[in-house]
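Please find one structure pasted underneath; my questions will follow.
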Amino acid sequence: MGRSGQHALTAALAAVAVAGAVLVSSTSFAAPPLTSGFGAPALGPTALGASATSGAAWGSSATEAAGSRTAMLAMLAMAAAGAALIVQNKGGGHGELGYHLALKLAKDKGLKVTMINDSAAKKSKPPFNSYADLEAAGVEVKWVALAEEGALASAMEGVGPCDYVFDNQNVCTKDVQKAVAAWSPKAYAYVSSGGMYKPVKAGPLLEIGDVKEENEQLSLEKSAADAGLAWSAFRPQYIYGPKTNKPEYLDWFLDRITRGAPILVPGDGSGFTTLTNAEDAASMLASVVGKEAEAKGQVFNCASDVLVSHIEVVDLCAKAAGKDAAEVRKTVVYYDPAALKGKELPKGGKFPFRETSFGVSADKAKSVLGWTPTHKLEEDLVLYVADYKRLGKDQGDIERSWDEAVLATMK
């Protein structure tokens, strides 16, 4: 047990002791006879004949006592498991990870979780508008302007030491690393980026592959090591799913499919990528708990274990939207990305993925951390499309300025 667990356990034991004294005091007036072997109450005729008033009072107090004891036992279990800190960004491609991760750490791992969230987030939008779920799970959420000097230090007052730190932001990453280094956490997990890889001609991108050395997230992976932390880095790629903060990856296809608009696909459509459910990405992050030694000093691609081609995404979205995939394919227009180089094109409505094959392999996380994804894109799309329609996204105009510009170059 780490220092945070020891501190929390001491506090929980004190609370149990106080609660136990109160419970004994409140129930002693109508307690039933002592047990007659094996812990069973000796409820003879006299006991059974006790007044309804005292019996009801005892029953009510006993129920309250049982509930309180259950709560205290939960506190003890959480204290023994340890504590975790999540530093969460304002949104974007990783915006929903903190929400799902906090729930998994609190519910599945039994950790006491504190989340420091950048107050620049739009609280009226997912996942931030569902943070009541976190509070119900016992997660403490602190809102702070991470970009302001001294704000992080103020937010961390009274927090920690924590056994686990999950850093899902790039505003003050080095400050977080420096602050938590004094705790010597069992694991510091940094949410990096899968976008740093240099494309390869064939096969998925591996953690040992070439990366862009000037990439900011790469420098922050290195600074975690320099800080002396038991670090690991997770490189996500194209996240979708519940409470998503950036729905453009799948919405782009559905926007065009539901309106019968041309669907521009690079190359011949065989370029592949990975699309990952946010819950699977969060479960990979959470898998470092109990696998601290295995995770230390390692980089993991944080993605689905299935590569999907661009044209397959079209087919899957079409089927989920209740359309004939073969008919939808007739609206696909293949374009050559190389022919667009040097041309000034608007960015509105641009194809949502890299225009070449750009998908990562998650095999390392599966073998090293014992992680297994539980979601499949084709199954998730059924619920995704239902929500898409519920929100009325299949109605009205869409942004297609990029589409029109590309089509104009092909005439």
Between S193 and N215, is any side-chain donor less than 3.5 angstrom from a side-chain acceptor?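 The answer is no; no qualifying pair exists.
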Can you see whether S223 engages Q177 through a side-chain donor-acceptor pair at a distance of less than 3.5 angstrom?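 Yes, Q177 and S223 have a side-chain donor paired with an acceptor closer than 3.5 Å.
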What do you reckon, is CD of E378 surrounded by more than 12 foreign heavy atoms closer than 6.0 Å?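 For E378, atom CD is crowded (more than 12 foreign heavy atoms under 6.0 Å).
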D324 and K319 ion-paired at < 4.0 Å: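 Salt bridge flag = no for K319 with D324.
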Does any non-hydrogen side-chain atom of C162 lie less than 4.5 Å from one of T114?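 No, side chains not in contact.
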Is the shortest heavy-atom distance from the side chain of F234 to the side chain of M284 under 4.5 Å?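 Touching, per the 4.5 Å side-chain cut-off.
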When you compare the side chains of Y188 and D167, does any donor N or O come within less than 3.5 Å of an acceptor on the partner?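 Indeed, the side chains of Y188 and D167 share at least one donor-acceptor pair under 3.5 Å.
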Taking the ring of W183 and the ring of Y164, is the distance between their centroids below 6.0 Å?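 That pair fails the under 6.0 Å test.
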Could you tell me whether the side chain of L369 reaches within less than 4.5 Å of the side chain of F300, counting heavy atoms only?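 A side-chain contact exists here, since the closest heavy-atom pair is under 4.5 Å.
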Evaluate the criterion salt bridge (charged side-chain N to carboxylate O under 4.0 Å, His left out) for residue pair E221 and R235; output intermediate values, then yes/no. CA-CA 10 Å; E221 291 179 5; R235 298 172 177 172; 2.8 Å; yes
Roughly how far, to the nearest 0.5 Å, is OG1 of T356 from NE2 of H310?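 Here the rounded value is 7.5 Å.
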Quick check on the 6.0 Å ring-centre criterion: do W252 and Y240 meet it?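 Centroid distance W252-Y240: not below 6.0 Å, so no.
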Would you say the side-chain atoms of K104 and S283 include a donor-acceptor pair closer than 3.5 Å?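 Checked: K104/S283 side chains show no N/O donor-acceptor pair below 3.5 Å.
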Just checking, is any N or O donor in the side chain of Y190 or N170 under 3.5 Å from an acceptor N or O on the other one?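 The answer is yes; a qualifying pair exists.
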Is any side-chain heavy atom of V360 closer than 4.5 Å to a side-chain heavy atom of P204?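 Side-chain contact under 4.5 Å: no.
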Side chain of H375, backbone of A278: donor and acceptor closer than 3.5 Å?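 Looks like no, no N/O pair under 3.5 Å.
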With the side chain counted from C-beta on, respond yes when V113 and E140 share a heavy-atom pair under 4.5 Å apart, and no when they do not.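 Not in contact.
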Residue K90 excluded, over 12 heavy atoms near NZ under 6.0 Å: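 It does not: K90 NZ has 12 such atoms or fewer within range.
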Going by atom types only, do E355 and Y335 share a side-chain donor-acceptor pair under 3.5 Å?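 Side-chain D/A pair, E355 to Y335: present.
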Would you check, one step at a time, whether the test side chain to side chain donor-acceptor pair (under 3.5 Å) holds for S304 with N277? CA-CA 8 Å; S304 164; N277 189 292; over 6 Å; no
R390 bridged to D387 by N-O distance under 4.0 Å: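 Counted as a salt bridge, because a side-chain N and a carboxylate O are separated by less than 4.0 Å.
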Donor-acceptor pair, Q237 side chain versus G194 backbone, under 3.5 Å?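 No, the answer is negative, given that no donor and acceptor are paired below the 3.5 Å cut-off.
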Is it the case that the side chain of R259 and the backbone of G396 share a donor-acceptor pair, with hydrogens and angles ignored and the cut-off at 3.5 Å?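 Checked: pair present.
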Looking at the rings of F353 and F358, which for Trp means the six-membered one, are their centres under 6.0 Å apart?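 F353 vs F358: aromatic centres not under 6.0 Å.
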Indicate yes or no for a side-chain donor-acceptor contact from S119 to the backbone of A145 under 3.5 Å, with no hydrogens or angles considered.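 Confirmed, S119 side chain pairs with A145 backbone.
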Using modelled atom types only, decide if a donor and an acceptor are shared between the side chain of R354 and the backbone of P199 within a distance under 3.5 Å.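 Not a single qualifying donor-acceptor pair exists.
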At what distance, to the nearest 0.5 angstrom, does NZ of K364 lie from CG of N301?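 That separation rounds to 8.5 Å.
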Would one find more than 12 heavy atoms of other residues, nucleotides or ligands at under 6.0 Å from atom NZ of K350?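 Yes, enclosed.
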May I ask you to say whether R329 pairs ionically with D315, meaning some side-chain N is under 4.0 Å from a carboxylate O?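 Judged by the 4.0 Å cut-off on N to carboxylate O distance, R329 and D315 do form a salt bridge.
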Pairing of K222 and E213 as salt bridge, 4.0 angstrom limit: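 Judged by the 4.0 Å cut-off on N to carboxylate O distance, K222 and E213 do form a salt bridge.
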If you round to the nearest 0.5 Å, how far is OG of S361 from CG of L206?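 Taking CG in L206 and OG in S361, the distance rounds to 5.5 Å.
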Establish, from distance only, whether the side-chain atoms of N245 and E96 form a donor-acceptor pair under 3.5 Å.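 Absent: no donor and acceptor within the cut-off.
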Using the side chain to side chain donor-acceptor pair (under 3.5 Å) rule, take Q298 and S232 through it: C-alpha gap first, then chi angles, then the decisive distance, then the call. CA-CA 5 Å; Q298 297 297 318; S232 56; over 6 Å; no
Under the 3.5 angstrom rule, does the side chain of E399 hit a backbone N or O of S401 as a donor-acceptor pair?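 Checking the backbone N and O of S401 against the side chain of E399, a donor-acceptor pair under 3.5 Å is found.
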Is there a donor-acceptor pair under 3.5 Å between the side chain of T173 and the backbone N or O of Q169?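 The answer is yes, because a donor-acceptor pair under 3.5 Å joins these two groups.
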